[in-house]
Amino acid sequence: MPVPHSETASARLGGYVGAALLVGVATLAGLILSPGYGTSAIDLLYLPAVLVAAIVAGRRAALFAAVGSALAYNFFFTAPRFTFHVDDPNDILTIVVLFAVAVVVSWLAGSVREQARRADAHAARNATIAGFARRLLGSSTEHEIATAAMDQLATLFACNAVLVDDGDGGRLVSAAPAMASLTPADMAVASLVLRNGERAGRGLERAVPTEWQFHPVRSDQPVIAAVGLARDDGVPPVRKEQLALLDNLLDQLALALERSRYELAARAAGEERERDRLRSMLLATIGHDLRPPIGAITGAVAGLRREGKADKALLGTVAAETVKVERYLGNLLHLTTPSDQRPVIAGDVTIDLFHRTVTRDGEPVHLAPKEYAVLAELAKYPGRVIGHDHLLRTAWGPAQATQVDYLRVAVRGLRRKLERDPTVPRIIINEPAVGYRLVAA
């Protein structure tokens, strides 16, 4: 959680006070020891004080301790004592050396402390990002992701958080706490950030009349949303040194939102394909099931006409209605989705999804069930990159959505059977770390 400015100022003041106390303790120890041992080695007592101040309170407090040590040694242990005047040149040299050594010690110890502090800050930052990402991975829908993200940001930065997207010219998607709201002026600033992709608000370079800070949420280049942060006391919620952390968190949010939208689009596409498949199957079933009865009716009408026993008007009506039914049936069969019937051509390979056949140079190619499932999914979207997880869910089911090795084995088998040179694929192309695409004519 960010450290407030007041706490930082208090910590610095405490460091200076602690440094002064350490110098005082060293001086007291020198006053106790000097009557029996002289003042020649008293200056060494101040070096631990400077070192401890550097390790505990930082470089500034250590420099303060170095200056204090030199002044205290001059005042208490050089002649004339209890003055800052120095008569002996050797004492001047001792004071200068003491100050120089103290400064070097403080700088070295302060550097070590600063490196340790930076390492701790990086570790804390990485832990924060990892925890944020885990929380988002536990959410599936866009609303769940937005709610989880705003709760996390509100906790991390001790502020109110809102998420605005570009729906209807600016729509409040989620807020933490739930009662947080935006005025029309706030929403106008959020819309501005959505349009130009530049952060704006209180405490930022682009100042606007709002209590909020708005930060863009980017997916590659487009801005897909804006996050607003504000504190109740009016203090800027995110300082400049915290912007890098916030940007990393917003990148995780963008990935989660994109994942949710892709999954929603994939589900919609899958449902549409399933509807088309069911419609094709239903129409084909209607054709097979209704043509024999219609043929039987037509034959019966012809037989009755030959016998001449039935009412001719009634037979004419039955025959006319039978012709209509046949015409309607033909029209229904022509409603089958053309894309389901049109073969996909990829080099010298022909993929007929409607008849579930694959040929190469006119010769049928035998594929394992999983190989065909992968190839069929690629052929439904020729030229488009299909992600690993989508192909795995389609061919193996949701439980195997992370088993990329299964997919690699299937693609290797497809290339061996379909490519002229499997080592230089030209039909099934790999998009590193993303998925595969089918190069079709």
- request: Report yes or no: does Q213 contribute a side-chain atom to a donor-acceptor pair with the main-chain N or O of R202 at less than 3.5 Å?
  value: yes
For A180 against L172, the heavy-atom pair lying closest together: O-CD2, 4.3 Å
task: Say whether, by atom type as modelled, one donor and one acceptor occur between the side chain of T394 and the main chain of H390 under 3.5 angstrom.
output: yes
Closest non-hydrogen atom pair between L253 and V217, with its separation: CD2-CG2, 4.1 Å
message: Does this structure show an ion pair linking R393 with D389, if we count only N-O contacts that are shorter than 4.0 Å?
response: yes
query: From S174 OG over to E142 CD, what is the distance, rounded to the nearest 0.5 angstrom?
result: 10.5 Å
message: Quick check: do N160 and P177 have side-chain heavy atoms less than 4.5 Å from each other?
response: yes
- line: Separation between CH2 (W212) and OG1 (T183), nearest 0.5 Å, reads 9.5 Å
query: Is the closest side-chain heavy-atom distance between L414 and V374 below 4.5 Å?
result: yes
field: Donor-acceptor pair, side chain of E258 and main chain of A254, under 3.5 angstrom
entry: no
task: Please test N196 against V223 for side chain to side chain contact (heavy atoms under 4.5 Å, CB included), starting from the C-alpha separation and ending with a verdict.
output: CA-CA 8 Å; N196 59 29; V223 179; over 6 Å; no
field: Nearest-0.5 Å distance that lies between atom OG1 in T210 and atom CE in M187
entry: 10.5 Å
- prompt: When you measure from the side chain of R218 to the backbone N and O of D251, does any donor-acceptor pair fall under 3.5 Å?
  reply: no
task: Mark yes when over 12 heavy atoms from residues, nucleotides or ligands other than D233 sit less than 6.0 Å from its CG; otherwise mark no.
output: yes
query: When you look at L438 and I351, which way does the side chain to side chain contact (heavy atoms under 4.5 Å, CB included) test go after all the steps?
result: CA-CA 11 Å; L438 181 74; I351 307 164; 4.0 Å; yes
- line: Closest non-hydrogen atoms of L163 and A146, given as atom of the first, atom of the second and distance, are CD2-CB, 3.4 Å
field: Full working for salt bridge (Lys or Arg N to Asp or Glu O under 4.0 Å) between E419 and R426
entry: CA-CA 7 Å; E419 300 277 3; R426 299 183 180 277; over 6 Å; no
Closest non-hydrogen atom pair, N430 against G435: OD1-O, 3.3 Å
message: Does this structure show an ion pair linking R420 with D348, if we count only N-O contacts that are shorter than 4.0 Å?
response: yes
query: Looking at CZ of R360 and OG1 of T350, how far apart are the two atoms once the value is rounded to the nearest 0.5 Å?
result: 12.0 Å
statement: So NZ of K370 and OH of Y406: to nearest 0.5 Å the spacing works out to 10.5 Å
query: Step by step, would you call L229 with V238 a side chain to side chain contact (heavy atoms under 4.5 Å, CB included)?
result: CA-CA 8 Å; L229 304 173; V238 182; 3.5 Å; yes
query: Are any non-hydrogen side-chain atoms of Q403 and D405 less than 4.5 angstrom apart?
result: no
field: 4.5 Å side-chain heavy-atom contact, L246 and F157
entry: yes
task: State, yes or no, whether a side-chain contact exists between V365 and T359 at a heavy-atom distance under 4.5 Å.
output: no
task: Taking atom types as modelled, find out whether R135 and Q152 have a side-chain donor-acceptor pair closer than 3.5 angstrom.
output: yes
- prompt: Do R199 and D247 sit within salt-bridge range, that is, some charged N less than 4.0 Å from a carboxylate O?
  reply: yes
message: Once rounded to the nearest 0.5 Å, what's the spacing between atom OG1 of T357 and atom CG of D352?
response: 4.0 Å
message: Using a 3.5 Å distance criterion without hydrogens, assess whether the side chain of E371 forms a donor-acceptor pair with backbone atoms of A368.
response: yes
Check: L182 and V164 side chains under 4.5 Å, non-hydrogen atoms: yes
